[in-house]
Amino acid sequence: MNVVLTGFRGTGKTESGRLLARLLDVPFYDTDALVEEEAGATVHEIFEQEGEEGFRAREKRAIAGLPRGPGVFATGGGAVIDPENVEHLRRGRTVVLLNADESTIEKRIQHSTRPALTRMGLRAEIHALMESRRDVYLAAADYCIDTSARSANEVAIGIKRLLAEGVTKESGRREALRAFAGSGIHQSEAAELATMVKALSENPVLRFYGIAGYPSLHSRSPPLFRRLFSYFDINAYYTRFHDPALTRILGTARDLDVRGLSVTIPFKQEIMGHLDRMDAHCRAIGACNTVLFCGGEAHGYNTDWLGIRDPLASLRGSRAVVLGAGGAAAAAAYALRALEMEVTLLNRTVERAEALAERFGCYHGSLRDFGSIRPDVVVNATPVGMESDTASPLKKSDLAPGMTVFDLVYTPPETPLIRIARSAGCTAITGKEMFIRQARAQFRQFTGIDAPLEMIREFLG
Ligand code: NAP
């Protein structure tokens with residue numbers, strides 16, 4: 001048994017952790033205690049003498065040096081903010097996030113001698129830190145448990161049962177397997193999934209993730225995420241939910257107690273009606289491509305826009321044109337506005353461009369207006385050039401050396417537009433780059449770990 005308890009102060013990590021270790025008959029390690037022992041000073045004294053930075057450096061060393069054998073490990077609340085700590089903590093371990101409501105936390109820690117992290121009052125500090133840390137806590141955990149109305153003993157017993165039995169039921173697992181077998185996914189994938197589902201009887205805390213889309217048979221996310229989970233030694237399996245009905249996918253996801261979903265066409269809008277919380281980017285773009293389930297709640301995120309923003313980050317303040325006015329164009333407009341670019345949306349159906357332009361503070365026009373703009377950056381968010389289509393949305397004479405042309409279409413790897421852009425002396429960015437960056441952000445949201453871009457590039461092949 002190898003389990004990490006994390007969460008905000010006052011959620012009961014240390015007390016429940018100590019009891020759990022006794023129940024499991026394994027050693028208990030508290031990273032704060034290890035830091036104090038190594039420093040020969042209390043956390044309070046370290047904060048006073050070395051500041052939070054000094055404390056975090058010591059905490060990081062303590063986490064990197066934790067023994068690999070069985071144990072219950074409790075970490076300080078801020079530890080999982082650092083993706084490198086999460087990487088160390090997660091390897092071969094199950095991470096349980098302990099939650100509690102703000103007033104319970106306040107009651108539990110009001111007499112604590114631990115240093116405050118801000119100059120706010122206690123209640124305001126709890127609220128602000130919980131709001132700012134919620135998403136990183138969620139990302140770093142396999143399971144979430146609310147400890148507000150439970151004693152430390154009840155929490156420890158609950159975690160012991162969770163580790164021994166997991167959450168899924170035999171009937172739900174059978175139902176899920178039936179759904180996968182009839183979904184049209186490749187036989188070898190269905191067989192591998194069946195093996196993983198059966199493995200739940202010996203490995204009940206194996207977590208499932210997957211892509212929800214229709215079609216999703218050609219998505220490269222399953223092999224990529226499987227390799228990432230395996231590389232980082234995370235007890236998880238990533239599969240494919242290929243079904244035209246999102247409600248059926250969500251039913252199967254519940255049966256398998258799925259931890260996270262990548263969401264793709266045609267469900268990026270529909271999924272928003274099934275979320276308990278969503279981040280500000282989903283709300284602004286009007287689409288969600290990443291869902292995390294924790295403690296019975298569904299949390300939605302959008303990482304698509306990061307896939308467009310990050311490769312263009314050095315071009316802040318440029319003049320840009322986006323071709324198209326659909327979902328990808330919305331993510332592009334949002335990303336480019338975040339880079340303070342002046343953006344014009346050009347679309348076949350001008351009314352759609354106008355509506356989108358109004359939402360994001362952009363100019364708009366028809367595709368014929370391109371020649372009058374002379375942009376620094378062009379983003380193609382139409383499907384023109386995709387696979388059997390040999391067309392390009394722009395001619396070579398539309399482009400000029402020095403322009404950056406980003407084609408979001410990623411099949412084929414070199415689209416007609418990318419070919420034309422290269423021959424015109426432009427910097428060409430392919431749709432694969434968007435996929436890689438959004439997948440990296442999605443893996444971070446799924447696990448709290450930062451996978452290097454080069455690793456994702458290599459794993460995608
Ligand atoms: P969408 O919502 O269906 O929007 C498609 C847009 O393209 C619409 O504005 C449409 O114009 C325009 N369009 C379609 N066919 C056209 C044509 N023959 N000539 C000119 N304009 C045309 O699709 P989406 O979800 O935004 O996706 C668009 C493309 O982005 C996809 O095909 C995909 O290749 C790419 N994408 C890439 C990634 C990645 O990770 N690299 C992620 C998402 C999407 P009307 O309004 O006039 O119909």
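Position 1 is the first residue of the sequence, and the numbers go up from there. As the structure is a prediction and not an experimental result, all values here were calculated from the model. Whatever order the structure lists them in is the order used to number ligands and atoms, beginning at 1.
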[atom]: nearest protein contact (heavy atom, Å):
{"atom": "atom 35 (C) of ligand 1", "result": "Leu408 O, 3.8 Å"}
{"atom": "atom 11 (O) of ligand 1", "result": "Asn347 OD1, 3.2 Å"}
{"atom": "atom 32 (O) of ligand 1", "result": "Pro383 CB, 3.2 Å"}
{"atom": "atom 42 (C) of ligand 1", "result": "Met434 CE, 3.5 Å"}
{"atom": "atom 4 (O) of ligand 1", "result": "Gly326 CA, 3.5 Å"}
{"atom": "atom 28 (C) of ligand 1", "result": "Ala381 O, 3.3 Å"}
{"atom": "atom 21 (N) of ligand 1", "result": "Thr382 CG2, 3.8 Å"}
{"atom": "atom 30 (O) of ligand 1", "result": "Ala328 CB, 3.6 Å"}

So is [X] polar-close to ligand 1, meaning N/O to N/O under 3.5 Å?
{"X": "Arg348", "result": "yes"}
{"X": "Asp304", "result": "no"}
{"X": "Gly327", "result": "yes"}
{"X": "Arg352", "result": "yes"}

Taking the six-membered ring for Trp, is the centroid-to-centroid distance between Phe446 and Phe225 below 6.0 Å? yes
Are the aromatic ring centres of Phe241 and Tyr214 under 6.0 angstrom apart? no
How does Val384 reach ligand 1, by side chain, by backbone, by both or by neither, if only non-hydrogen atoms under 4.0 Å count? side chain
With a 4.0 Å heavy-atom cut-off (strictly under), which part of Met386 contacts ligand 1: side chain, backbone, both or neither? side chain
Non-hydrogen atoms of Pro393 and Leu323 that approach each other most closely: CB-CD1, 3.9 Å
Under 4.0 Å, counting heavy atoms only: does Gly307 come that close to any atom of ligand 1? no
Under the side-chain hydrogen bond (donor to acceptor under 3.5 Å, both in side chains) test against Arg207, which residue among Thr447, Asp257, Asp142 passes? Asp257
As an exercise, identify every atom of ligand 1 less than 4.0 angstrom from a heavy atom of [X].
{"X": "Gly431", "value": "41 (N)"}
{"X": "Thr349", "value": "45 (P), 46 (O), 47 (O)"}
{"X": "Val409", "value": "34 (O)"}
{"X": "Phe435", "value": "40 (O)"}
{"X": "Gly324", "value": "9 (O)"}

Does the protein place any heavy atom closer than 4.0 Å to atom 19 (N) of ligand 1? yes
Report yes or no: does Arg90 contribute a side-chain atom to a donor-acceptor pair with the main-chain N or O of Val95 at less than 3.5 Å? no
Please check if the side chain of Thr344 supplies one atom and the backbone of His364 the other of a donor-acceptor pair under 3.5 Å. no
Tyr334 vs Asn302, side chain to side chain donor-acceptor pair (under 3.5 Å): CA-CA, chis, key distance, verdict: CA-CA 11 Å; Tyr334 183 72; Asn302 187 306; over 6 Å; no
Of Tyr209, Phe459, Tyr237, the residue whose pairing with Phe229 passes ring pair (Phe, Tyr, Trp, His ring centres under 6.0 Å): Tyr209
On the 0 to 90° scale, with breaks at 30° and 60°, tag the His281-Trp305 ring pair as parallel, tilted or perpendicular. tilted
CA sep, side-chain torsions, deciding dist, call: Thr290, Gln442, side chain to side chain donor-acceptor pair (under 3.5 Å): CA-CA 7 Å; Thr290 308; Gln442 195 163 68; 2.9 Å; yes
Would you check, one step at a time, whether the test salt bridge (charged side-chain N to carboxylate O under 4.0 Å, His left out) holds for Arg319 with Asp376? CA-CA 5 Å; Arg319 177 181 295 176; Asp376 311 301; 5.7 Å; no
For residues Leu206 and Met196, determine if any side-chain heavy atom of one lies less than 4.5 Å from a side-chain heavy atom of the other. yes
Would you say Asn289 and Thr303 are linked by a side-chain donor-acceptor pair, where the criterion is simply a distance under 3.5 Å? yes
